[in-house]
Asks: 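Sharing a structure below in structure tokens format, with a few things to ask.
Convention: sequence-line order gives letters A, B, ...; per-chain numbering from 1.
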2 protein chains.
Amino acid sequence: MKTRRTTIKDVAEAAGVGVATVSRVLSGGSASPRTAERVLDVAARLDYRPSALGRNLRRRRSGGIGLLLPDITDSFYARLADGVLGCARSAGEPVVLGATGDDEEREAELIGTLLEQGVERVIAVPCGGGETWEPALRAGLIVVFAHRSVTGRADAPGPPAVSACATVPAVLADDRAGVRTALDYLTGLGHRRVAYLGGPGQEQRLAVFRRTLGPLVDEELIVLARGSRDSAYAAAAGLFQRRPDLTAVLAGGNLLGEAAVLAARELDLRVPRDLSLVMFDDVPWAELCAPPLTVIAQPAQDIGYRAAELVLRAGDQRPRGVLLPTELIVRGSCGPRGPSRSPR
Amino acid sequence: MKTRRTTIKDVAEAAGVGVATVSRVLSGGSASPRTAERVLDVAARLDYRPSALGRNLRRRRSGGIGLLLPDITDSFYARLADGVLGCARSAGEPVVLGATGDDEEREAELIGTLLEQGVERVIAVPCGGGETWEPALRAGLIVVFAHRSVTGRADAPGPPAVSACATVPAVLADDRAGVRTALDYLTGLGHRRVAYLGGPGQEQRLAVFRRTLGPLVDEELIVLARGSRDSAYAAAAGLFQRRPDLTAVLAGGNLLGEAAVLAARELDLRVPRDLSLVMFDDVPWAELCAPPLTVIAQPAQDIGYRAAELVLRAGDQRPRGVLLPTELIVRGSCGPRGPSRSPR
DNA sequence: AACCATGATGGAATCGTTTCCATGAAGACA
DNA sequence: TGTCTTCATGGAAACGATTCCATCATGGTT
């Protein structure tokens, strides 16, 4: 009993006009008011919905926005996705979601799938570098980076050629200001041994961390985890055990922050008495935590929304990038430097 | 400098065969080993990737899985989505995501978009009833419900016709057992006035709640919120103020649980001394909360994965549904019934 | 009245694939 | 050797839209 969908041809016949006319009426081309009305009427009566399949083939691209995130399970990326979804909905565009797991290979694979699908607009939190994105750009993909951007890797061999990725617009939170504010706050409280607990793709933040801390920076206090919860916990626990003299931690993401709280609790470190903690990204549970966490809020949803706006407004001269403000929200996880747990 | 993609025709020419042969070789049809090798070789050399656009048009459907969720920002749905993503990736299928906001209209709209795109396989946490889904099913959509299923609304007028939705497979957590276990636990601790804080689409749980509690049930202690955080908070705060005699709450989701904790704190109710709390859905922050929350864990990711399996395995006789186990995880948010705050 | 500009209209080509069908070659069997 | 079966193969027809282009009607201008 599967009844064939009504096609443009059906509408044309029923309205007694040619398919070209129907197409024109429906996509706002020129047509006489009388014809237009009749076509619209018939189309409505037959419940005609143009198939995106035919259109896409003809246009040699499928509408739709690709969205590549490290992990949809991470509250930050989920909110970012929500922003994209919101903007896409008002534009009537479907969103194709892919999780990269912060793995270059998987990212490349997903880009391939999108390309195959004819998706040509992508919003990505990139994990791969130029080697991943340059080919995609060459293939005609319209890309907007969100939250992170592809920086010419310092460790890349060969001449520092200007990467095509540099021309990709990026919607970023103002990490620089965020890190600075947090560090000012912590050093203002008297902390001198401040650790950084980072995740993948945080070169930018790390650089600011180093620069801001200046002579106070201690490379041993900088720890990078991979994307997973386990890895984050291991990094935090390892750091705390290795360096009992540290008095404050800046966690570069809510997963890292969670891990820090857990590890601190496990090692019987009292927050904020023994250890002050500032976390990047304000999540709902930051307030529920004991003590409530002091955080650097990032406008995750806005980032997504703006990125979607940018990627949809292709062709126009697009701004090179957008920097959205962060905000330090002081709750209860930081205190003045107490007596160090084990002074050197 | 946009260079046209290589098409099947290019490959055919370069390999000195017909396009039909290339198509056959690439999709595993019959071909002589010699030809096959040559075609494969040429295809690889030209970096040929078949365009999904052409294929989709011909097949009159685009591969891909539609995923309709109330809110990607909710940790539970995010994990569910992650499960779907995992399964879809191993099948090489793209996933089109849509957020319904638990709004029937938006859901219907999204279904329309998917249909238009030629997506014919959908995993949904439905919010609309038969009026939304029946037309979709009639249009040939292959649907699997996740987490909730469409029950014939008791309040629907007309004869209780067997809805086509009843034939849609559903992957559900064992709510019945979850609610029972939680209630047994709470009543075992001596609680008699147990409230239920619910969200949209929880008829099933609510029914079990009423049945299990039996004569103890108090309709005034049953409060339903809409999907948003604000609404959840209002519901919780309202409930706590209205009925200071209640001693335990079962929150039907992590948003509701969060709201309950917040509202309790705001009203200076001590958990678990003044108020015992059990929350549906184990989220990472449940452990970070003060006190750590006792929860009914649901296998969100599995639900997504299994649903994806089911929707991909169309045609085969599919099981009617899958019921996945829940687990009560006892932490610190429940205690014996203390002296009631204001005994009647 | 002849001519031109304008705008509505429909036929047909096109997008890149899959798949039906006809063709021809090669091998099997009597 | 003739016939029949089997199988690889390529041409061509879909699929459903958009869009180029030629045609035709209309109305205004000289």
Asks: Could you say whether B:T35 or A:Y48 is positioned toward the 5' end of DNA chain D, judged by the nucleotide with the nearest heavy atom to each?
Replies: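 That would be B:T35.
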Asks: For B:A20, which contact category applies under a 4.0 Å heavy-atom criterion: base, sugar-phosphate, or nothing?
Replies: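 Answer is base: heavy atoms of B:A20 come under 4.0 Å of a base.
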Asks: Can you measure B:R34 atom CZ to C:dA26 atom P for me and round it to whole angstrom units?
Replies: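 The distance from CZ of B:R34 to P of C:dA26 comes to 11 Å, rounded to the nearest Å.
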Asks: Within less than 4.0 Å of OP1 or OP2 of D:dT18, is there a side-chain N or O belonging to A:S23?
Replies: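 So the side-chain polar atoms of A:S23 do come within 4.0 Å of the phosphate oxygens OP1 or OP2 of D:dT18, strictly under.
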Asks: Answer with base, sugar-phosphate or nothing: what part of the nucleic acid does A:L53 contact at a heavy-atom distance below 4.0 Å?
Replies: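 No contact at all - A:L53 keeps every heavy atom at 4.0 Å or more from the nucleic acid.
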Asks: When the distance from CD of B:E116 to C1' of D:dG16 is rounded to whole Å, what number comes out?
Replies: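 After rounding, the gap between these two atoms is 13 Å.
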Asks: CD of B:Q117 versus P of D:dA17: gap in Å, rounded?
Replies: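 In whole Å, D:dA17 P lies 13 Å from B:Q117 CD.
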Asks: Can you tell me how far C1' of D:dA17 sits from CZ of B:R60, to the nearest Å?
Replies: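 From B:R60 CZ to D:dA17 C1': 13 Å.
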Asks: Using whole Å, what does the distance between atom C1' of nucleotide C:dT9 and atom CZ of A:R38 come to?
Replies: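 About 11 Å, once rounded to whole Å.
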Asks: Relative to each other, are the rings of A:H147 and A:Y77 parallel, tilted or perpendicular (30° and 60° limits)?
Replies: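 Ring orientation of A:H147 relative to A:Y77: perpendicular.
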Asks: Looking at C:dA8, I'd like to know if its phosphate oxygens (OP1 or OP2) sit under 4.0 Å from a side-chain N or O belonging to A:S30.
Replies: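 Checking C:dA8 against A:S30, a side-chain N or O does come within under 4.0 Å of OP1 or OP2.
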Asks: How many whole angstroms separate atom CG of A:D10 from atom P of D:dG16?
Replies: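 Answer to the nearest Å: 9 Å.
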Asks: Mind checking whether B:F145 and B:W133 have parallel, tilted or perpendicular rings, split at 30° and 60°?
Replies: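 Correct class here is perpendicular.
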Asks: What does B:G16 touch in the nucleic acid at a heavy-atom separation under 4.0 angstrom: a base, only the sugar-phosphate, or nothing?
Replies: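 If one applies the 4.0 Å heavy-atom cut-off, B:G16 turns out to touch the sugar-phosphate alone, with no base involved.
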Asks: Counting only heavy atoms from other residues, nucleotides and ligands, does the tally under 6.0 Å from CZ of A:R306 exceed 12?
Replies: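 12 or below, so no.
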Asks: Rounded to whole angstrom units, what separation is found between the CG atom of B:L57 and the C1' atom of D:dG16?
Replies: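 In whole Å, D:dG16 C1' lies 6 Å from B:L57 CG.
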Asks: Between A:R59 (CZ) and D:dG16 (P), how many Å, whole number?
Replies: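 A:R59 atom CZ is separated from D:dG16 atom P by 17 Å.
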Asks: Looking at the base of D:dG10, is there any donor atom on it, or on the side chain of B:R24, that sits under 3.5 Å from an acceptor on the other one?
Replies: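 By the distance-only test, yes, there is a pair.
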Asks: Kindly say if B:R55 contacts the phosphate of C:dG16, meaning a side-chain N or O under 4.0 Å from OP1 or OP2.
Replies: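 False: B:R55 side-chain N/O out of range (4.0 Å or more) of C:dG16 OP1/OP2.
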Asks: Quick check on DNA chain D: between A:K9 and B:G18, whose nearest nucleotide comes earlier from the 5' end?
Replies: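 Here B:G18 is the residue nearer the 5' end.
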Asks: Hey, could you give me the CD1/OH distance between A:I8 and A:Y48, rounded to the nearest 0.5 Å?
Replies: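 Rounded to the nearest 0.5 Å, the CD1-OH separation comes to 4.5 Å.
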Asks: Indicate yes or no: does B:R106 engage B:E109 in a salt bridge with an N to O separation below 4.0 Å.
Replies: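 B:E109 and B:R106: not salt-bridged.
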Asks: With a 4.0 Å cutoff (strictly under), does any side-chain N or O of A:S51 reach OP1 or OP2 of D:dG16?
Replies: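 The answer is no; no side-chain N or O of A:S51 sits under 4.0 Å from OP1 or OP2.
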Asks: Does any N or O donor sit under 3.5 Å from an N or O acceptor when you compare the side chain of A:R58 with the base of C:dT14?
Replies: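 Yes, a donor-acceptor pair under 3.5 Å.
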Asks: Using the side-chain heavy atoms of A:S32, tell me which of these nucleotides is nearest: D:dA17, C:dT9, C:dT19.
Replies: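 Of the candidates, C:dT9 comes closest.
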